[in-house]
Amino acid sequence: MTPDELSGALSAALASAVADGTLALPADAIPASVHVERPRQREHGDWATNVALQLAKKAGTTPRALAEDLARRLEATPGVKAVDVAGPGFLNITLDAAAAGELARAVVTAGPAYGRGDALAGQVINLEYISANPTGPLHIGHTRWAALGDSLARILRAAGAEVAAEYYINDAGAQMDRFGGSILARARGTEVPEGGYKGQYVAELATKVLAERPDLLDLPDDEALEVAREEGYRLQLAEIRQVLESFGVHFDVWFSERTLHESGAVGKAVERLREQGHVYDQDGAVWLRTTDFTDDKDRVMIRANGEPTYFAADAAYYLSKKDRGFPGKIYLLGADHHGYINRLKAIAAAAGDDPETNIEVLIGQLVNVGGAKLSKRAGNIIELRDLVDWIGADAVRYSLARFPADTPLELQGEDLLKQTNDNPVFYVQYAHSRTAAVDRNAADRGVARLREDGSDAFDPSLLSHETESVLLGQLTEFPRIVAAAAQHREPHRVARYLEQLAGDYHKWYAECRVLPYPDEDVTDTHRTRLWLNDAVRQVLANGLDLLGVSAPERM
RNA sequence: GCGCCUGUAGCUCAGUGGAUAGAGCGUCUGCCUCCGGAGCAGAAGGUCGGGGGUUCGAGUCCCUUCAGGCGCACCA
């Protein structure tokens, strides 16, 4: 019995109470679906609901009286073993072991699809994250968004949304010329100009550019600058893509800011917003009246010198997303960018969209990693690729994905290297590899999900141990966890769930043997427990996949 | 000054308005003749920053206050 089915049974119980006059409640006061949850305390049964507490007042009765009436009606439901009224009027529901145990087979049958749902079906979402300048390597500041953004994309898709993960390449503007100038200076063996990029990686880029363009030093200044800039850009962007690839992060679209300028999209964006009546000219510049919406001051789009601002490109980019058919636009930004929220929302509003539904900005606090070596090649920062080389992609991704984005983080690098409970990723991965070890041993011992003659050995009533009841309840939760993680845009819910599930699995493993002792025969209990083992294995694998973390068979 | 985020166990952090506030680490005590001890069982550890309020019920929602982080460009 799933929570949805139980919820339906509760609604039916409410409806029948109203129908026979026991419950004086208008039809529209009956919730379409009654919320059921896993109680904290195991003694409180498999499921609990507070519906009687919520409805008693409206019905002019006491919570306990209503709860007791509902309990009597619910007890008749097949699969329900017991219903108790507790405390002020909670309903505590216990399921038959057989009804609960059926889930083990259902999970194995569903396979990788278990946990996927349609909570976000029909939603088309553009998810933008990282979007770092291509003027240097990715560093720790980008790493949190890489881990979180990629996991979020996977989770949103699992919940039924159509998602395009997008990287906005800030390849226009003055910083690109400073980048090119820095490379050129290094190539010529001179000092990097004031305000340029000074990291060792610039010298490395210069060497590579020179290898490809030995004529660089013979070119006139403006031509040399362009070659240095363009070749450096190409090499640096390739490195960023390669590092993200090694981190398991995939983008569907790499969007170049330049194309907005070159195609005239920026100018058109200004004109479109002008037609909407939100653009005005003052002091020789062109302004967007963002104060009409939620911003605290108006923003310049075209400077007095005729150059468009970064903000104008942002507006054009927003319109591009809109025109490309994305009603939903999610931006993952660092806390140091939270000042942009209002102006981004103002762009949406000025474009005639609803800033509440068409745009969503997730702000994340910064991360610090204690004990990490600063990068010599990139200067006084921690590079993503060094972090991955040092700690490993799985551990880095997992430890970033298991915290909400708005939690300021101080990770200890040494802890992430430990293959112990200091490091939850190993706890979860260990549980998965343990399920795989059980499978291997089961094969050796002649234990299979079917009997030797191929007949069905699955008997869910045999999954009656306390730890099995807990484990099954936890497996039941997975689809709801995925849906909640998608709706709240919180991948950490999946990680926390996996840690709980891994713990429940280890407890079960310590109490219930899947394999017979050497002197025992194989029974249906062993075969049925193998179903449960494999169901846990599947859910651990599905959940780790949502986080972009591997599910090893051996460790 | 204005705005956003965060204050929960010694440490790092969970906690869709529900029951006795949780996990890991650290400290202490047990468990390997049999499926992986990278595990399990147990103990100790809390004015949920402070103060008001909303209600059957507040760590959670509202107000206020204190502390920390970040941001307030014709930069990108």
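Because the structure is predicted, anything quoted here is derived from the model rather than measured. So you know, we letter chains A, B, ... as the sequences are listed, proteins then strands, and number each from 1.
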Query raised in the report: Of the nucleotides B:rG36, B:rC13, B:rA73, which one has an atom closest to the side chain of A:Y430?
Result: B:rG36
Query raised in the report: For the pair made of CZ in A:R38 and C1' in B:rG22, what is the distance, rounded to whole Å?
Result: 17 Å
Requested in this report: Using the six-membered ring wherever Trp is involved, compare the ring planes of A:F255 and A:Y317 and label them parallel, tilted or perpendicular (cut-offs 30° and 60°).
Outcome: tilted
Requested in this report: Calculate the interatomic distance between A:F403 atom CZ and B:rG15 atom P; express it in whole Å.
Outcome: 11 Å
Query raised in the report: Cut-off 3.5 Å, side chains only: do A:H432 and A:T435 have a donor facing an acceptor?
Result: no
Query raised in the report: Is the closest side-chain donor-acceptor distance between A:Y340 and A:D314 under 3.5 Å?
Result: no
Query raised in the report: Taking the six-membered ring of A:W287, is the NZ or CZ of A:R299 close enough (under 6.0 Å from the centre) and on axis enough (within 45°)?
Result: no
Requested in this report: With heavy atoms under 4.0 Å as the rule, sort A:N533 into base, sugar-phosphate or nothing.
Outcome: nothing
**Report entry** Residue matched to B:rG45 through Watson-Crick or wobble contacts both under 3.5 angstrom
**Finding:** none
Report task. For A:L409, report the nucleic acid contact type (base, sugar-phosphate, nothing); a contact means any heavy atom under 4.0 Å. Result -> sugar-phosphate
Query raised in the report: Relative to the 5' end of RNA chain B, which residue comes earlier, A:H44 or A:A335, by the nucleotide with the nearest heavy atom?
Result: A:H44
Report task. Would you kindly give the CZ-to-C1' distance between A:R554 and B:rC35, to the nearest whole Å? Result -> 14 Å
**Report entry** Sugar-phosphate, base or nothing in reach of A:E37, heavy atoms under 4.0 Å
**Finding:** base
Requested in this report: Give a yes or no on whether a donor-acceptor pair under 3.5 Å exists between the nucleobase atoms of B:rA19, that is its base, and the side chain of A:N92.
Outcome: yes
**Report entry** Shortest non-hydrogen contact between A:G334 and A:W145, atoms and distance
**Finding:** CA-CZ2, 3.8 Å
Query raised in the report: What is the distance from OH of A:Y340 to P of B:rA76, rounded to the nearest Å?
Result: 10 Å
Query raised in the report: Counting only distance, no hydrogens or angles, is the base of B:rU16 paired donor-acceptor with the side chain of A:H488 under 3.5 Å?
Result: no
Query - Ring centres under 6.0 angstrom apart (A:H337, A:Y331) - result: no
Report task. Scan A:A86 against the nucleic acid and name what it touches under 4.0 Å (heavy atoms): base, sugar-phosphate only, or nothing. Result -> base
Query raised in the report: Do A:E499 and A:Y398 touch side chain to side chain, with heavy atoms closer than 4.5 Å?
Result: yes
Requested in this report: Could you check A:Y427 against A:D336 and say which one's nearest nucleotide on RNA chain B is further toward the 5' end?
Outcome: A:Y427
Query raised in the report: Where the side chain of A:R258 meets the backbone of A:D171, is there a donor-acceptor pair that is under 3.5 Å apart?
Result: yes
Query - Under-4.0 Å side-chain N/O to phosphate OP1/OP2 contact, A:K297 with B:rC74 - result: yes
Report task. Please work out which residues in residues 498-532 of chain A have a non-hydrogen atom less than 4.0 Å from an atom of RNA chain B and list them by number. Result -> A:H506, A:K507, A:Y509, A:A510, A:C512, A:R513, A:V514, A:L515, A:Y517, A:P518
Requested in this report: Would you indicate what A:H35 reaches in the nucleic acid, counting non-hydrogen atoms under 4.0 angstrom: base, sugar-phosphate, or nothing?
Outcome: base
Report summary line: Closest non-hydrogen contact found for A:P193 with A:S182 is CD-CA, 4.4 Å
Query raised in the report: Just checking A:D171: base, sugar-phosphate only, or nothing, at a heavy-atom cut-off of under 4.0 Å?
Result: nothing
Requested in this report: Indicate yes or no for a side-chain donor-acceptor contact from A:S7 to the backbone of A:V34 under 3.5 Å, with no hydrogens or angles considered.
Outcome: yes
Requested in this report: Return no unless some side-chain N or O of A:N441 is found under 4.0 Å from OP1 or OP2 of B:rG36.
Outcome: yes
Atom pairs under 3.5 Å, N or O on each side, protein against nucleotides 2-8 of chain B: can you list them with distances?
residue, atom, partner, partner atom, Å
B:rG3, N2, A:H338, NE2, 2.2
B:rC5, O2', A:Q365, NE2, 3.1
B:rC5, O2', A:D406, O, 3.3
B:rU6, OP1, A:D406, OD2, 3.2

Report task. Please tell me which of the listed nucleotides, B:rA76, B:rG71, B:rA19, lies nearest to the side chain of A:A48? Result -> B:rA19
Query raised in the report: Counting any heavy atom closer than 4.0 Å, what does A:R402 reach on the DNA or RNA strands: base, sugar-phosphate only, or nothing?
Result: nothing
